[in-house]
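Below is one structure, written out as structure tokens, with a few remarks after it.
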Amino acid sequence: MTTLDRPAATGAEPGRARRDRGPARELGVVNVASHAFLLVWGALTVLPLLWMFLSSFKSDGEILSDPWGLPGALRLENWARAWTEAHIGQYFLNSAIVVAGSLTLTMLLGATAAYVFARYEFRGRQLAYYLFVGGMMFPVFLALVPLFFVVRNSGLLGTWTGLMLVYAAYSLPFTVFFLTAFFRTLPTAVAEAALIDGCGHFRLFFRVMLPMARPGLISVAIFNFLSHWNQFILPQVLMQGDDSKYVLAQGLTALAVSQGYQGDFSGLFAGLTIATLPVLVVYVAFQRQIQTGLTAGQLK
């Protein structure tokens with residue numbers, strides 16, 4: 001009986017192997033397709049940035065005659081001319097001031113509101129939370145006209161303070177939505193132990209809960225930084241008049257428009273590179289924190 005059973009068992013193995021080989025082959029095809037898509041996506045992202053960076057060292061003649069070639073020399077004077085003569089340095093400082101103020105205000109208000117929504121029970125909590133989150137579905141373009149009149153009637157038109165407040169207002173819905181989910185994943189036992197030890201609510205928030213929520217805070221702060229730094233339509237509407245208060249996006253647009261047909265293309269590429277560098281540096285420096293903050297709530 002044993003010798004008769006063996007051939008049947010061995011004969012079934014090739015069929016089973018062929019059946020098992022099918023899903024493995026399909027999985028391999030999916031992996032190859034996904035990697036190919038990622039390579040194409042990476043090329044579409046990196047190549048324009050590399051072309052812009054190399055063009056910032058070219059002369060205007062090289063940009064027009066050989067746009068895809070390498071620069072003949074590293075012309076650092078293009079960067080110096082963009083920084084001084086095109087006032088990119090002033091616009092860069094203005095953007096840094098506005099983004100620093102708006103980001104601080106956004107994180108402070110957003111973290112406070114998210115902590116209350118996540119940890120405290122009170123009447124109307126769900127309604128207030130959904131009102132915050134509903135702001136993410138409201139495009140900024142629909143509010144430009146009433147927003148302009150509100151800021152003007154408040155006496156904040158053309159001021160950095162008004163721009164900071166508007167940036168913070170439009171960043172709060174996403175910040176509250178993100179941090180509320182994150183605060184809910186933090187252990188309740190730590191907060192209860194701190195309260196038993198005599199820690200007040202404000203001290204509990206600033207000394208215990210905020211340090212524990214550091215991965216989520218860093219992640220949402222980076223997203224808000226990228227959004228504020230790249231913002232164009234809001235400063236274009238709210239920062240009219242004095243061009244010395246322009247932010248970087250406005251300054252680059254004014255530089256491109258003012259040149260007309262006699263453009264300083266090398267200086268413009270240098271200004272674009274200067275405007276892009278902070279975004280790249282922040283993303284490269286904090287990419288691990290972004291991944292940690294996005295996955296921390298799922299891992300806990």
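What you see is a predicted model, and the numbers here were worked out from it, not measured in a lab. Residues take their numbers from the sequence shown, with the count starting at 1.
The hydrophobic cluster containing M136 also contains L179, counting ILVMFWY residues as joined when their side-chain heavy atoms lie under 4.5 angstrom apart, directly or transitively. There is a path of hydrophobic side-chain contacts, each under 4.5 Å, that joins L163 to F149. Under a hydrophobic clustering in which Ile, Leu, Val, Met, Phe, Trp and Tyr are joined whenever their side-chain heavy atoms come within less than 4.5 Å, directly or via other members, Y170 and F141 fall into the same cluster. W83 and L280 end up in the same hydrophobic cluster when Ile, Leu, Val, Met, Phe, Trp and Tyr side chains are linked at under 4.5 Å. A continuous path of Ile, Leu, Val, Met, Phe, Trp and Tyr side chains, each step under 4.5 Å between heavy atoms, connects V176 with L108, placing both in one hydrophobic cluster.
Counting all heavy atoms, side chain and backbone alike, F225 lies closest to P278 at CE2-O, 4.2 Å. A111 and F183 get closest at one heavy-atom pair: O-CE1, 3.6 Å. Nearest heavy atoms, I63 versus S55: CD1-O, 3.6 Å. Between R184 and A118, the shortest heavy-atom distance links the atoms CG-CB, 3.7 Å. Annotation for P235 and V247: closest pair CB-CG2, 3.6 Å, computed over non-hydrogen atoms. Here the closest heavy-atom approach between residue G267 and residue A82 is recorded as O-CB, 3.5 Å.
Residues that satisfy the ring pair (Phe, Tyr, Trp, His ring centres under 6.0 Å) test with F177, not counting sequence neighbours, are absent from this structure.
Sorted by first then second residue, the salt bridge (Lys or Arg N to Asp or Glu O under 4.0 Å) pairs that include residues 123-143, not counting sequence neighbours, are E121-R125.
Residues L252 and Y91 fail the side-chain proximity criterion, which asks for heavy atoms closer than 4.5 Å. Between M52 and T276 there is a side-chain heavy-atom pair separated by less than 4.5 Å. Residues H228 and T106 meet the side-chain proximity criterion, which asks for heavy atoms closer than 4.5 Å. Put simply, the side chain of F122 reaches to within 4.5 Å of the side chain of F117, judged on heavy atoms. Between L144 and L234 the shortest side-chain heavy-atom distance falls below 4.5 Å. Contact of the V237 side chain with the L147 side chain is not registered, since no non-hydrogen atoms from C-beta on lie closer than 4.5 Å. Between S56 and W79 the shortest side-chain heavy-atom distance falls below 4.5 Å. Looking at I88 and L248, their side chains come closer than 4.5 Å, going by heavy atoms from C-beta outward.
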Go through the steps for V133 and T180 under the test side-chain contact (heavy atoms from CB on, under 4.5 Å), then give the verdict. CA-CA 10 Å; V133 175; T180 299; over 6 Å; no
Test side-chain contact (heavy atoms from CB on, under 4.5 Å) on R119 and L186 and set out the steps. CA-CA 10 Å; R119 292 290 179 172; L186 299 181; 3.1 Å; yes
For the pair Y167 and W229, evaluate ring pair (Phe, Tyr, Trp, His ring centres under 6.0 Å) and give the outcome as yes or no after the intermediate values. CA-CA 10 Å; Y167 278 8; W229 186 267; over 10 Å; no
Could you walk me through whether F178 and S219 pass side-chain contact (heavy atoms from CB on, under 4.5 Å), step by step? CA-CA 9 Å; F178 187 95; S219 298; 4.1 Å; yes
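With S154 contributing its side chain and V150 its backbone, the two residues share a donor-acceptor pair below 3.5 Å. Between the D60 side chain and the S266 main chain, a donor and an acceptor come within less than 3.5 Å of each other. Using a distance-only test at 3.5 Å, with no hydrogens or angles considered, a donor-acceptor pair links the side chain of S102 to the main chain of V99. With K58 contributing its side chain and L64 its backbone, the two residues share no donor-acceptor pair below 3.5 Å.
In this structure, the separation between OG on S59 and CD on E77 is 9.5 Å, given to the nearest 0.5 Å. Here CD1 of I233 is found 10.0 Å from CD of Q250. Values are rounded to the nearest 0.5 Å. Here S171 contributes atom OG and L103 contributes atom CG; the two are 8.0 Å apart, rounded to the nearest 0.5 Å. The CZ atom of F269 sits 10.5 Å away from atom CG of L54, with the distance rounded to the nearest 0.5 Å.
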Please list every donor-acceptor pair under 3.5 Å in which a side-chain atom of residues 68-75 meets a protein atom from a residue at least two apart or in another chain.
residue, atom, partner, partner atom, Å
R75, NH1, F57, O, 3.4
R75, NH1, E62, OE1, 2.9

Please set out all donor-acceptor pairs under 3.5 angstrom arising from side-chain atoms of residues 201-214, sequence neighbours excluded.
residue, atom, partner, partner atom, Å
H201, ND1, Y120, OH, 2.8

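Evaluated for a side-chain contact (heavy atoms from CB on, under 4.5 Å) with M107, the options T112, L217, I218 yield exactly one hit, L217.
Residue L44 is found in a hydrophobic cluster whose other members, listed by chain and number, are V40; membership requires side-chain heavy atoms under 4.5 Å apart, directly or through intermediates. Through chains of ILVMFWY side-chain contacts below 4.5 Å, L131 is grouped with L127.
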